[in-house]
Every structure is written in structure tokens, then in C-alpha cells.
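Predicted model, so just to flag it, every value in this text is computed and none were measured. All chains are named by letter (A, B, ...) in the order of the sequence lines, taking the proteins before the strands, and each is independently numbered beginning at 1. Every heavy atom of this structure was used, including side-chain atoms; hydrogens, water molecules and symmetry mates were not.
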Amino acid sequence: MRAPLSWLRDYAPLDADVADLADALSNLGLVVEGVETVGGGLDDVVVARVVDIRPHPNADRMRLVDVDAGEVETLQIACGAWNFSSGDLVALAPVGAVLPGGFEITRAKKRGEWSNGMLCSAPELGLPEQDGDGGGLLILPAGLAAPGAPLVEALDLRPEVVFDLDVSPNRPDALCMAGVARDLAAALGETWSWPASPAVAAVEPAVGTAPIVVEAPDLCPRFTGTILEGIPDGPSPPWLARRLTLAGMRPISAVVDVSNYVMLDLGQPNHAYDLDQLGGGGLLVRRGAAGEVLVTLDGIERSLEDDDCVICDADGTPVGVGGIMGGSRAEISSSTRRVLLEAAWFSPMHIARAGARLGLHSEARVRFERGVDPQIAPAAVERFVALLATVSGVSGAPALRRGPTVDVCGESLPSGRSVRVRTSRVNAILGTGLDDADMVRLLEPIGFAATEEGGLRVLDVRIPSWRLDAEREIDVIEEVARMWGYRRIERTILAGPPGGSGGLTGRQRDLRQVRTILAGAGFDEAWTTTFLAPGDLERAGLDPVAVEVENPLDRSESILRSELLPGLLKAVKYNVDRQAAEVCLFEIGHVFAPPTGQAITPDETERLGLIIASGVNDDSSGQAAAAAAARTWAYLADAMRLQANTISASEIPGWHPTRAGDILSAAGKRLGTVGEIDPDVVAAYGLQQRIGYLSVSLDDLLAQPRRPLVAPDISRYPASDVDLAFLVADSVPAADVRATLRAAGDDLLEAVWLFDTYRGAQIGAGRRSLAFRLRFRALDHTLHETELAQARQSTIDAVIAAHGAELRT
Amino acid sequence: MTDHAPPSSPDRTSIAEAVVSIESDGLARLESAPRLATLREIERDVLGKRSELARLHTRLGQLPSDERREVGALINAARDRLQSRADALAASFESQERRSRIEAERLDLTEFMSGPLAAPLDAIGRGRGHLNLVTETRTRLEDTFVAMGFAVAEGPEAETDWYNFEALNMPPAHPARGMWDTLYLRLDPPGTVLLRTHTSPVQIRLMESQKPPIYAVMPGRCYRRDTPDARHLPVFHQIEGLVVDRGITFGNLAGTIEAFTTSFFGPGMHSRLRPSYFPFTEPSAEFEVTCPICAGAGCRTCSGSGWIELGGCGMVDPNVFAAVGIDSETYSGFAFGFGIDRLAQVLVGLPDMRALLDNDVRFLAQF
């Protein structure tokens, strides 16, 4: 909300420095998002009188104007405005003047003619636009001041400070000047009081009352109606128009401006109906009927429901959605002579619901749905009448006359509440050492009247009518904290949790380890969005069944990922398009499948996805990517000390049919998949290179048993290496051969690894040569040749027997 | 009856006969193709711009208009049949060829597990990798709180309305719900399952499952239906903290925020609180910390104030305790929360948060 300082000063002196006021507001929770100085920078602008106007010899849309700016000679100005004539007083920014916004006026030739300054419009000076000047010059009242007089003096334009406040939803009382000033005055220790109001027009029973019938008192617990006659049709007074402008509203006409002014001043939204346009000359408040429609002031047709509060004329024709927006019927116009003024109180919950359903945003809705002061309506009516009376009755127009106010009040109107507050509780929550008197002193200035209950350290606190948000002890405690000052509450260090309940869980430590291992292995950690576009899963060869977002921002973000692959493929594509040669990424994130069984939330699990896109083609077989993925798995499994596990070749949709397999734990549990992504999938994502991928369920991975940490015996004796090459069928996994060797080598076999594979014509199709290096070593002696030969032979025999292999010699 | 069709023109008859023979001949030729490349050549011959079929089309002009339409349709039907046969044959060749290519590419992945254990990406010439900026920031935050005695708790990203709103003192139609633009999931019953807008549901889950004392932080991914801009992403990461114990005060909250600030940002860095509003805490506060860029001197990042707004906090509202069955007369507590990505953005001077979503390797490699 925009709060002009001069307006706030209606209620309290508030003469501290602007910076201190802004600090005080922020520390009250009325956070200052900006402090604007409006109307400053006009020191150079003077009043000038138009002496002569003549055509510009070289331009049709411009004229040459001579003005008297109080100097000996007149000044020639080239001017594009047309709304003035000789003799008018206007505002002149002379050469050298700097206007608000930093625009500097220089002497310049315009289409070949000198212009010695600029004649200004109201907006150029930061002033409210005048009705009917059509974007032309600001025309000053005749006789305002002598030419050459500073404009700021002539118009009494002091620079205005405006605070832009972010008012939180629990503080509807601070959506008006009176409320903001109340808090601020309390914080500064100043007295807040009602401003002197212009004399209130006496109630004239002869003006009459309008029939007001409230059929829905639960939706509208209070409704007041007042008839006003002698409505002026001109603009509002300049001071009022200026305040509205400063507060961010556009002045329109006296009645509309006064209505807005009262809302901004006191927080009471109100509505003025053209009484002569109201059927039956009165108002009826009722529930909406199904199928009923209403055209609101913004010109949009709205369909109503039973829960909506509808304001109708006395004949039952809707004229507005109560508390949200008026209708186009019975709208105020320049021909309006009699007004029925509404100031009411609507049920916040109903306003919130109806407002959300109708998608209607208005200043009234914001205030009513948060809670307007239910007691302020009569005062708002008086303020309205008093302000409008100052505009009426000038230059022979009829004076404003007002009838008695009809006030229909229902039982559900919130009224005087109080709450018991324990001083001990206040201190227990805040960590303060306040006593009863402190509390009374802190609460009283913001309208919370606290009385001690017979020295029991319990206060009976009366909640002010404008604080509908406060109803519990804790709400009052917050007010005490606010008025005491959050920053004055002593900061204390926690005694801390007993017995070291903090720290990371084993799973959390393991997860960090996985990340560190993979980054160390050369992978960059990505985080891709959780959302996929329709078709992304199909393109990746995955099951298209996925959880959908009901209200996505964009269709391309309407599906929850069930796998990390599509997001990582897109990330690879992004990088490849930017000439990245190698893209090796991993991501750990949540994936979602539709709910299973009785669950209503998706089946949500955490996965590891790891992608390898190499720009280097190692050979025509393009196996580097798949090989790197398998090696990464082996590397990760080793670093995590997983027990024996293997890759079992398998045809899996979305994967290269002969280059992928399930990762199986020692116990045969499927932990994930590794290998190469199907080249057709890769192509569908706009990529050409081979893509290696590893997909692992984190829950399953982290649940795997680890190899125990046991210090091995390290032999002091020399080792003997033996190289053995076997011819085996393609269908025999190398890991199986290695496992056979390991088992057969027994205690003497310290290590065994594959160091070469060979396929070729010499061997024949369907087979390959696997060359292993076996390192034999005994713990307690140097191996004898016979011992070594025996061990070698038994490993050879085992592989031949188990795999139908042939020793290559 | 003397009413019979006008006699066909000789051209019509000859073209119609030609269509029949071209089609059967073309079909035979397509079927004879031994492989895809040959098929493509034959297809060009039979159906291309210079095929007999195409030449027949040019002869249509000689026919009267009624016959022209009829014979044109004949030609088109023959063309369609030939084309669909050619497509079917091509698809079958392609799938055969894919099959044999795939077969030729068969790899024994266990070979790569059986060798000496080397860095897995050596073969393609990769150096070290990098953890994500968000992970690094989250880890540092977790470590800071763990050193202060906190545990780390996690929870699901897809949540029910109860955990995300109702248990947090926001019954249905509560106006404060408008503070978070929410993404709902298309699941039954409608409007009950959503993507969490904050990590606060984890607080509720924790309080449901664990008796006080509770000292925990909850990091994780959150979602809001916000158009992305330089400072906001609809998918982002947050960390919250929760303390529930006997005798916890607002003074403890302010002291904890201050201890965290000094520990995370370094000596000389401070925090301050000011009143704010959240439905799940009361009193509620925003907290600001000394601008880490200028150390409080005033700079562009902090708009010259020397402070940056980091997050929200407050004393747990009694209604939240009631929702999880904790007696608010016996226990009190505080909660706080802030954005991990937003903090990371300030710390590394990232001009536009959207860069996080690109996963550009040049960006990732900086951290």
C-alpha cells in the first residue's frame, strides 16, 4: 500500500526523519519496500503568462508561443499542445531546469525556430492530471501568481514522501492511513488522534431513508445506507485529488474520489449508487441464485452462485457482488443527482471464496476478505458526507443534503472480544522479563486495552474491533513482541539437544559419498527440472504412464518425471548444441509413478541417473560410451565396498538390445540398469553420438550390504604373475570366467584381472579370446615352481570345465 | 431402355490398361529387391517423378473432364498401393538391418568390470567432475546446522493438502493460501495431492513421528506455480529448521539465527529480525543477514542497505502443535526457512537463476 506521509500526519505528528520513520515501519512489520519523494525537483519551474501564440513556419503540429516569465523580454517557446490561449497562466521550465526524472531543459532549435524552455503538462511535473485537459498543458487558475513566481510557492507544492508498504495478510487494519498511523505513532511514543473533520452536514429527515432489506445476514452482517442529495458533478478539490494520486489512485470525479478517499483513509470500502437508477429506490441483500448473471463494473458478465452475496435494487435486480465489485447498473455518472451510499461489512470467508471463484480482484475484496473493522462504517459515512459537502454548493450549485443512515446490523457481526493473557506465558514464549505494567503500556497505544486481574499476573485484554486477526493469547503475545521491538529481545543460545540426537543419518552420509565418488570419477552433477513434456517418456522408450500436473504453467511442463533419463538427454542436447565435446553428467533426484494400492500420493522414489556422451569415437564399434558406463558402475560399487555384483545382459525397452543389462546384487536383487541407450532413442532426442547410461534405485543401492572393513594380511614374499588366454563363446560373460579363476586360485591367487580381449577371423565367429593376468603369492613363503604350476593348472582346468573354454597357447 | 453410358474414349481405355500393367510390374520389381538400397532405387524408378506412372499423369489432359477425374483416381489408387508396399518393404528391411547392426554390436559389459580398476572415464579423456552449486550450498548449510546439534530430515515432494496447508494452520479457503501458488496433481480426489510449496510438510511429518525434543533441518526441492525470472524458479530448493522442546523462546530463535549467520557467513556477519506473517508461526519474523558481498558496507546486491533478506521464521503456532498432537503448554518451538538456490545465487553472484536449469557444463565446472 502507498502511504503518503502528509496523509499519515493527519493522525499524529510523525516528525522524525523519513529514514527513521521507514525503519520504524519495517520494524512494526509494515515493511517499507520503497520510499518515494514526489513533487520534488520543481524548484526551477515558474509561473508564466501566455502573451502571444502564432503558427510555426515549418511545422503544423507545433506553434510558437511568447510567454511572460517575469523578465523584461518575453521568451519564445515552441510548443506542441493546443489546450491554451493568450492570457492563460501556465508552468514554464526555463532553460537549465531539471524536471523530475532528470530531464534537463536546454535551449534548442525546433524545426528551425528557437525554443527557450518547455511549457509543462501536469504529469511532466508529477502532478495529478486535470480532468479534461486531454494531455495538454497544466493551466493554472487565473490570478494565481505573478509571472516569474516559483510554481512550488504558487501551488504550495511541498515535496511529498510516500512509503510503499508491504502489508501482510494478517493486518487488514494497516490497509488504511488511520491504521498505519496508529502503529507508527505507538512505536514513536506519539499520541494518535482523529483529525479535525469538516463540519458534518446535519441529518435532514426530509431527505428520507431508502428501504434496506438484508435477507442474508450471515453473508452480510452489517449494511448501512444513506441518501445524499445535491451531488456535485465536478472534480474533487486539488488537495484530495493529489492525495489519491500519491496513494496510487486516479482521480475521476468528486463522488468517486471521496469514496476511494474514505476507503484509503479509514479502510471501509463503500459504494455510491445512483439512487434514481435503483428500481424501487432501495437495496436488497440476498444470496445469488443459480444461473443468475451480473455485468460487473469492469464490463465482464459473471455468473453467480448461492454462496455469493448479491446486492440488488429493491425490485430484486442485481446491482453488484457484495464486497467485491459493483455492477454497471446504477453506476454513478455526471448526471447523478441523488446517491444511496452503502457502507457494509461482509463475511471474510464468503468474500474470499466468491472472489477466488469469480477471479475478481478489487480493493474492496482485499479488505473485506482480510477483515474490515466491523465498527467503522458509521464513521466512514460521516467522513464521506463531510468531504463531499466541501465540494457541493459552490458557484450556486445546490448544497449537499443527507438523510438519516439506515444501519441493519445482524447477530453475526463480530463484537467486543477479550482474551486472558498470562504475563508468565508472554515471557516464556518471548524470553523476556516483562511485568504486567509493561504489557499494559505496550498494548494500550494500539488499542488493546489491558486490565490486570487482581494481581494474578493475568491480564484481561480487550481486542480492538479493527484487529479481527487477533483472538488468542498468542496473538496478543505477538503484539507485545512487536511493540517491544523484535530487536530488543535478548538473543540466547540454545541449550541444545540432549545426547547428540543431531548429525547425518547413515543414508545421508552414504548419499553424500555417492556424489563425491561420481564427481571424483569425472561426472558433473546436474539438476534437471522435475517436469517433462507430453511425449518425452515415449521418445525415451519409457512407459508413458505418468503423474500429470493439473494446472501446469506450460504444457511442456505438465508431466512428472518417472525417470531421470529424459531430463539428462535434454541436458546433453543443450551442451552438444554448444559444441561441448564430452558431456558426462549425473543426477540424484526424486521420480514419480502413479499411486499404488491405497495410497493417494504418487509412488515417489529417489534415483541416480548417469549419462555419458562422448564426442570421441574410439573405434567403429562405438563401444566407448557403454564401456564407460559399465566401468563407472564397477568403480562406484568398489568405492562403496558393495559385495559381489554383476551385469546380466538383457533386452530392455529404450536400451540398446545387445549392450545393456540389469545390475544384480550378490543376492540377485535388481539394483538398476547399465549400458548404452538405444540409438533410436538418442536420435529422437536430436543427438547422433553413442550415449552410455546408468540408472540405479538409490533405496536399493544404499540398502546393499557392504564388505566389512577388515585389515588384510599383506605378504612380504614375491609374487608370480601368470597370463592365461581363453577362447570362450560370446555368450559367456567375462565376469563369470573371472569368478571361476578366483575361486579355483584359492588362497594363493592374490589378484586376477582381464587385460585383453580379442575377436577376429583367426578365432572364428561367436567366440572371443579373454586374456587374464593372475597374480599368485603366498602369505608365508616364496612360491615353489611346482606349487605355481599346480595352481596354474587347476585354474585352467576349472575354466575349461565350467565354461567350455579352450586355452589359447 | 436406350439409356447407356457414353462410350469410353480410346485414350481412357489405353491409360486404364496401362495403369494395371504398370502396377503389377512395379509390384514385382519392388518385391524383388534384395536389400534396402536396391529397394530405394526401384522405388524411385516406379514412383518417382520420371516413372511411367508420372508420365501417365501428363496424358490425363487429353481426356474429357469427367473421365479425367475417374482415371486420375485410378492412377492415384495404384500409386498409393505401390507406395504403401514400398514403405512396408522398407520398414522390414530397416528392422532387419537394425537387428543385424544391433547384433553385430553385441558387447559383454562384464568385460569392463573385470579389468584393472581405473578411473572409468579415462578412456574418453575426462578430468575430475564437479558437484552442483545447489548441492555444495546445501551440504555447507547442513554441515553448519549439524555442527549446532541439528539432525537432517527429508520427505516427499508430492504431498497432500493436509501436510502442505491444513496441518500448518491453513484450513481450506484460508486467505493465506494465496501466498503460495500451488501446482496440483491430477489424482483422486481432485485438489488433494500437490507438489509441496515449501519443506514445511516435513516438519509436520517429523512432529507426527517423533516426540520432542526435536532439533532438525529439512532441505529439499519445492515447487510454486511462478513464471521463472532472474530470481525465481518454479522448481527450487529450500531448507527449513524446526526446534521443539521445553522452554524454547523467541530469544532462542533470534540467537540460533545469529549463531547460524556467523557460522555460515563468517565472523562479523550478523542477523536481524523484523515482524512478518506466516500462518504457521506466531510471532512471525523475516530475517535479514549482513550482505555477504559488501560485508554490510552497502552495494548493488543489497540495494545499499548492507542487509539482504534471507528468510522467514517464528514461534510454532499453537494450532500447528494441536494438529500433530503436541501440547503447546508443555512444549514450545520455533521454525525458520530460506531458499538454498537464492542464497547460492547471492554467494556466487549469479545474475540469472535460470542458468541453474541449463546444466551447461561450462557453468557446472565452476563449482
Side-chain angles (χ1 to χ4, degrees), chain A residues 26-27 29 168-170 352-353 369 430-431 474 478 481-482 486 489-494 496-497 502-503 508 519 521-527 529-530 547-550 571 575 580 590 601-602 604 614 616 623-624 627-628 630-632 634-635 647 657-659 661 733-735 738 753-754, chain B residues 102 105-117 119-121 123-124 126 129-132 134-135 146 149-152 156-158 173 175-176 183-186 193 213 215 225 235 249-252 254-256 258 272-277 282-283 285 315 318 357-359 361 364:
Chain A
S26 287
N27 287 329
S168 52
N170 63 324
R353 253 187 257 153
E369 78 180 8
L430 299 181
I474 192 72
E478 181 173 59
R482 229 164 46 82
Y486 279 19
I489 294 175
E490 194 192 345
R491 299 166 175 182
T492 44
I493 301 298
L494 283 170
Q508 288 163 344
F523 292 87
D524 291 331
E525 187 186 8
W527 77 264
T529 178
T530 311
V547 180
E548 286 176 59
V549 180
E550 181 69 45
N575 282 294
H590 289 226
T601 53
E604 184 174 343
S614 170
V616 179
Q623 68 173 39
R631 283 194 189 104
T632 304
Y635 184 87
I647 300 170
T658 58
R659 286 185 169 183
R738 184 169 178 244
W753 64 90
L754 181 71
Chain B
I102 292 284
E105 286 183 359
R106 180 175 292 279
L107 275 188
D108 171 16
L109 292 173
T110 71
E111 286 175 12
F112 310 109
M113 301 176 74
S114 304
L117 216 58
L121 298 180
I124 58 171
R126 282 280 297 189
H130 307 81
L131 292 178
N132 195 280
V134 176
T135 299
V146 163
F150 285 72
V152 178
E157 294 169 8
L183 289 161
Y184 286 89
L185 299 182
R186 188 167 292 167
V193 186
Y215 292 77
R225 197 175 182 279
V235 181
T249 69
F250 193 88
N252 292 151
T256 302
E258 177 70 6
R272 62 182 196 184
L273 305 189
R274 64 173 185 223
S276 186
Y277 169 70
E282 184 146 19
M315 302 300 291
L357 280 174
D358 292 338
N359 294 299
V361 291
L364 296 178

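Within the 4.5 angstrom heavy-atom criterion, only backbone atoms of E490(A) (N, CA, C, O) approach chain B. The contact between V549(A) and chain B is made by backbone and side chain atoms together, counting heavy-atom distances below 4.5 Å. When heavy atoms are compared at a cutoff of 4.5 Å, N27(A) approaches chain B by way of both its backbone and its side chain. Proximity to chain B involves both the backbone and the side chain of A521(A), based on heavy atoms less than 4.5 angstrom apart. If you measure heavy-atom distances from V235(B) to chain A, the contacts under 4.5 Å come from both the backbone and the side chain. Of the atoms belonging to M113(B), heavy atoms from both backbone and side chain fall under 4.5 Å from chain A. For a residue to count as touching a neighbouring chain, one of its non-hydrogen atoms must lie under 4.5 Å from one of that chain's; by this rule R126(B) touches chain A with the side chain only. Heavy atoms closer than 4.5 Å to chain A are found in the side chain of V193(B), but not in its backbone.
Highest contact tally toward chain A, considering only P318(B), A285(B), S276(B), P116(B), is held by P116(B) [criterion: heavy-atom pairs under 4.5 Å]. By number of non-hydrogen pairs under 4.5 angstrom with chain B, the leading residue of A352(A), A571(A), G661(A), S26(A) is S26(A). Chain B forms the most heavy-atom pairs under 4.5 Å with one residue out of W753(A), F523(A), W527(A), and that residue is W527(A). Of all the listed residues (I493(A), N575(A), I489(A)), the one sharing the greatest number of non-hydrogen pairs under 4.5 Å with chain B is N575(A). The choice from L273(B), V146(B), L185(B), L357(B) that makes the most heavy-atom pairs within less than 4.5 Å of chain A is L185(B). Note: G522(A) leads A628(A), S168(A), G431(A), G522(A) in heavy-atom pairs under 4.5 Å with chain B. Ranked by heavy-atom pairs under 4.5 Å with chain B, the first of A481(A), A580(A), A734(A) is A734(A). Counting heavy-atom pairs closer than 4.5 Å to chain B, the top residue among V547(A), T632(A), L494(A) is L494(A).
Here the side chains of N132(B) and L364(B) are in contact, with some heavy-atom distance below 4.5 Å. Residues P283(B) and L430(A) are in side-chain contact: their nearest non-hydrogen atoms beyond the backbone lie under 4.5 Å apart. Within the 4.5 Å cutoff, no side-chain heavy atoms of P156(B) are placed close to those of T601(A).
With rounding to the nearest 0.5 Å, the separation of CG in N252(B) from CE in M315(B) is 7.5 Å.
Here R106(B) pairs with E103(B) under the side chain to side chain donor-acceptor pair (under 3.5 Å) rule; sequence neighbours left out. Every residue meeting the side-chain contact (heavy atoms from CB on, under 4.5 Å) condition with L131(B), not counting sequence neighbours, appears here in chain and number order: R515(A), A519(A), E525(A), F586(A), E136(B).
Summarising the geometry of R659(A) relative to L107(B), their closest heavy-atom pair is NE-CG, 3.4 Å, with the distance given to 0.1 Å. Closest heavy-atom contact between R491(A) and A254(B): CG-CB, 3.6 Å. Between F112(B) and A630(A), the shortest heavy-atom distance links the atoms CB-CB, 4.0 Å.
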Query raised in the report: Does the side-chain contact (heavy atoms from CB on, under 4.5 Å) test come out yes or no for T256(B) and F150(B), once each step is laid out?
Result: CA-CA 11 Å; T256(B) 302; F150(B) 285 72; 4.2 Å; yes

